Visitor: 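Got a structure here, written out as structure tokens. Questions coming.
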Amino acid sequence: MARHIVGAVDEIPPGGRKLVEADGKKIVVFNLGGEFFALLDRCPHQGSALSGGILCGLVQSNEPGKYHFSRAGEMVRCPWHNWEFDIRTGKSWFDPRRTKVRAFPAHVEPGAALASDPQRAKAQSGESAAQKDSATPSMHMDGVAVEGPYQAETFSVKVEAEYVVVEV
Amino acid sequence: MTEAAIDCDLHPGLPSMASLFPYMDQHWRTSLKERGVSQLESASWPPAAPSTVRADWRGPKGEAPCTLATLQAQVLDRWNVGTGILNPLFPAQLPFSRDLSAAFARAVNDWIRAEWLDGDKRLRASILLPNAIEESVAEIERLAPDHRFVQAMTLCMGEIPLGRREWWPVYEALSRHDIPLAIHAGSNWRHPVTSVGWPSYYLEEYTANSMGFQASLASLITEGVFVKFPKLKVVLLESGVSWLPSFLWRLVKSWKGVRFEVPWLDRPPSEYVRDHVRLSIRPLDVPEEAATMARLMDHLGSDELLLWSSDWPHAHFEGDATVPQGLDQALLKKIMVDNPLATYARLREGALA
Ligand code: FES
């Protein structure tokens with residue numbers, strides 16, 4: 001698994017999302033109240049981009065005429081045919097076992113940790129780009145990742161900032 | 001034919017309005033006589049239409065068979081039928097007056113009991129429901145103790161969609177007595193039989209019934225009737241069958257996108273149909289040949305949905321070709337015996353009340 005920096009934490013506010021490309025895959029990263037979740041940006045139905053879907057809550061019922069609304073903003077509806085996916089798991093609500101979108105682990109790391117990552121240092125030919133604001137390190141942060149033609153984003157890593165990292 | 005075969009759709013004819021008079025209280029009997037109401041026909045089944053009564057089953061003046069003896073000769077004895085379910089099509093649901101509608105339903109049900117059920121141990125019947133919900137519940141409660149009434153029957157095109165909560169007292173009563181709801185083709189003429197208005201021709205109206213069934217089924221499922229009443233079974237009579245797979249495909253497909261609108265459905269609509277809904281096989285709306293039948297069964301995805309029915313005296317087949325060509329023996333046994341038994345708790349009991 002390669003780690004990819006998605007962006008600085010404050011770039012994706014709660015309720016926000018960011019689309020990135022990593023390892024040749026389009027991945028959409030959501031912020032749910034400070035927790036980050038990453039899904040493949042490809043609906044398992046017919047491939048629409050989930051990053052364009054509206055966020056909604058979960059409507060459940062244990063009896064006709066009774067509506068229980070919860071988890072506001074934690075489901076995403078595909079823009080094409082409105083299938084609902086749980087952002088936390090990638091599972092569709094109507095058929096969670098068989099219909100799901102691939103989810104990737106996402107977490108927050110301090111810039112200092114990223115900058116001192118020995119593997120990353122290797123990837124960056126020993127240059128500690130994070131310590132120099134002007135440098136533009138790869139979003140690939142480990143030594144095994146192959147920097148290929150799909151790599152779309154580069155940016156600076158500040159030691160004092162926090163970053164969203166997705167493992168692909 | 002095996003002695004165990006169960007014919008799920010037989011229509012006993014009513015000789016005349018006067019046949020019901022003995023089963024009405026004095027007020028209604030007098031009232032109908034005074035008004036000169038000697039006949040009540042629903043345009044759904046024009047008496048002279050060839051499909052309404054098979055030519056060789058008509059009486060000397062072309063009339064529909066309306067005696068137990070004709071039913072025995074034409075169906076029960078001829079095909080060695082084990083059990084037959086009577087579904088009277090007298091249009092008790094036509095009157096706008098709830099009281100008159102209920103009086104008709106009571107009279108028809110008592111006429112069925114006295115002149116048909118009492119005359120042949122092989123017979124069972126539907127409780128004909130009137131055009132009103134409280135009165136329907138009352139009729140179910142009145143007749144449920146007689147276990148020869150194995151289901152209750154209404155029409156596929158009524159006043160309000162069948163799944164609406166107004167109807168739920170009826171489903172509560174049916175569930176409590178373990179009696180299926182039968183929905184028969186036909187309209188009580190409160191609304192145009194198509195959603196775009198009144199059609200000009202019988203041909204249009206006849207085919208519009210499948211839309212009535214689809215709307216009724218969609219209503220029952222989406223309103224959550226089967227969630228609220230998990231024991232309830234529904235039998236579609238004279239619905240045709242081949243529209244069901246494409247209708248369900250569309251319903252399931254759309255449900256995936258608007259599931260949150262009906263959150264009480266915890267599985268695809270098609271699964272509620274598989275668990276709760278059964279269909280009679282006459283009239284069958286596909287060519288009756290082996291390859292087509294195999295495809296139809298494949299699309300239905302289950303061999304438990306279909307119930308054998310001759311639909312006597314309606315004309316849907318020649319001679320003794322009571323079942324479609326191309327069904328193998330195992331499937332025939334399911335359709336003619338196992339499926340009806342699984343559907344009707346009161347047929348499983350076997351003995352009379
Ligand atoms: S492509 Fe996503 S629901 Fe159809």
Side-chain angles (χ1 to χ4, degrees), chain A residues 15 28 30 32 37 39-103, chain B residues 133 160-175 181 215-234 246 248-277 301:
Chain A
V28 55
F30 296 91
L32 301 185
F37 298 92
L39 301 177
L40 189 66
D41 192 32
R42 203 185 137 72
C43 176
H45 180 218
Q46 288 182 352
S48 172
L50 291 175
S51 54
I54 62 166
L55 297 183
C56 56
L58 178 60
V59 189
Q60 292 171 289
S61 170
N62 53 15
E63 194 185 349
K66 300 270 189 291
Y67 304 82
H68 183 257
F69 186 92
S70 67
R71 299 184 54 195
E74 295 200 0
M75 311 288 287
V76 60
R77 281 187 202 155
C78 175
W80 279 5
H81 312 101
N82 237 19
W83 292 10
E84 301 162 280
F85 295 92
D86 187 333
I87 290 172
R88 288 179 180 273
T89 63
K91 291 176 179 172
S92 70
W93 195 254
F94 73 87
D95 185 9
R97 209 164 47 81
R98 279 176 307 181
T99 306
K100 43 192 159 194
V101 59
R102 191 167 160 200
Chain B
I133 286 156
I160 56 169
L162 284 170
R164 307 260 324 211
R165 283 176 219 158
E166 290 90 323
W167 271 99
W168 288 14
V170 171
Y171 305 144
E172 189 281 320
L174 293 176
S175 292
L181 172 75
S216 298
L217 208 45
S219 174
L220 287 165
I221 295 167
T222 57
E223 298 271 2
V225 168
F226 300 121
V227 177
K228 184 77 179 174
F229 305 103
K231 269 174 67 181
L232 184 68
K233 293 214 173 69
V234 168
S246 58
L248 284 180
W249 190 91
R250 192 167 179 173
L251 194 64
V252 170
K253 163 82 166 62
S254 307
W255 167 78
K256 290 174 183 173
V258 289
R259 179 210 68 80
F260 42 85
E261 195 185 23
V262 285
W264 37 87
L265 301 189
D266 59 7
R267 53 214 164 104
S270 52
E271 293 191 21
Y272 291 98
V273 170
R274 194 194 58 202
D275 293 346
H276 294 271
V277 179

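Scope of the values below: all heavy atoms of this structure, side chains included, with no hydrogens, waters or symmetry mates. Sequence lines set the chain letters: A, B, ... in the order given, protein chains first and strands last, and positions in each chain run from 1. This structure is a prediction, so every number in the text was calculated from the model and none was measured.
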Visitor: Tell me which of these, B/E261, B/R267, B/R165, has more heavy-atom pairs under 4.5 Å with chain A than the rest.
Guide: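 Greatest number of close heavy-atom pairs with chain A: B/R165.
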Visitor: Which atoms form the tightest heavy-atom contact between A/V59 and B/R259, and what is the distance?
Guide: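 Closest approach of A/V59 to B/R259, heavy atoms only: O-NH2, 3.0 Å.
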Visitor: For residues B/P268 and A/F94, determine if any side-chain heavy atom of one lies less than 4.5 Å from a side-chain heavy atom of the other.
Guide: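 No, too far: nothing below the 4.5 Å cut-off.
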Visitor: Which value, rounded to the nearest 0.5 Å, describes the distance between B/K256 atom NZ and A/T99 atom OG1?
Guide: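 If I round to the nearest 0.5 Å, the distance is 6.5 Å.
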Visitor: What closest approach, in Å, do A/P64 and B/G224 show between heavy atoms, and which atom pair accounts for it?
Guide: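 Of all heavy-atom pairs spanning A/P64 and B/G224, the closest is CG-O, 3.4 Å.
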Visitor: Is the positively charged end of A/R77 above the ring of B/F260, judged by distance under 6.0 angstrom from the centroid and angle within 45° of the axis?
Guide: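 Yes, A/R77 and B/F260 form such a contact.
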Visitor: Quick one: are B/W264 and A/K66 in side-chain contact, heavy atoms under 4.5 Å?
Guide: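 B/W264 vs A/K66: side chains apart.
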Visitor: Can you tell me if CZ on A/R42 sees more than 12 non-hydrogen neighbours from other groups inside 6.0 Å?
Guide: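 Not more than 12 within 6.0 Å, no.
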Visitor: Please flag which part of A/Q60 lies under 4.5 Å from any non-hydrogen atom of chain B: side chain, backbone, both or neither.
Guide: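 Contact with chain B involves the backbone of A/Q60 alone.
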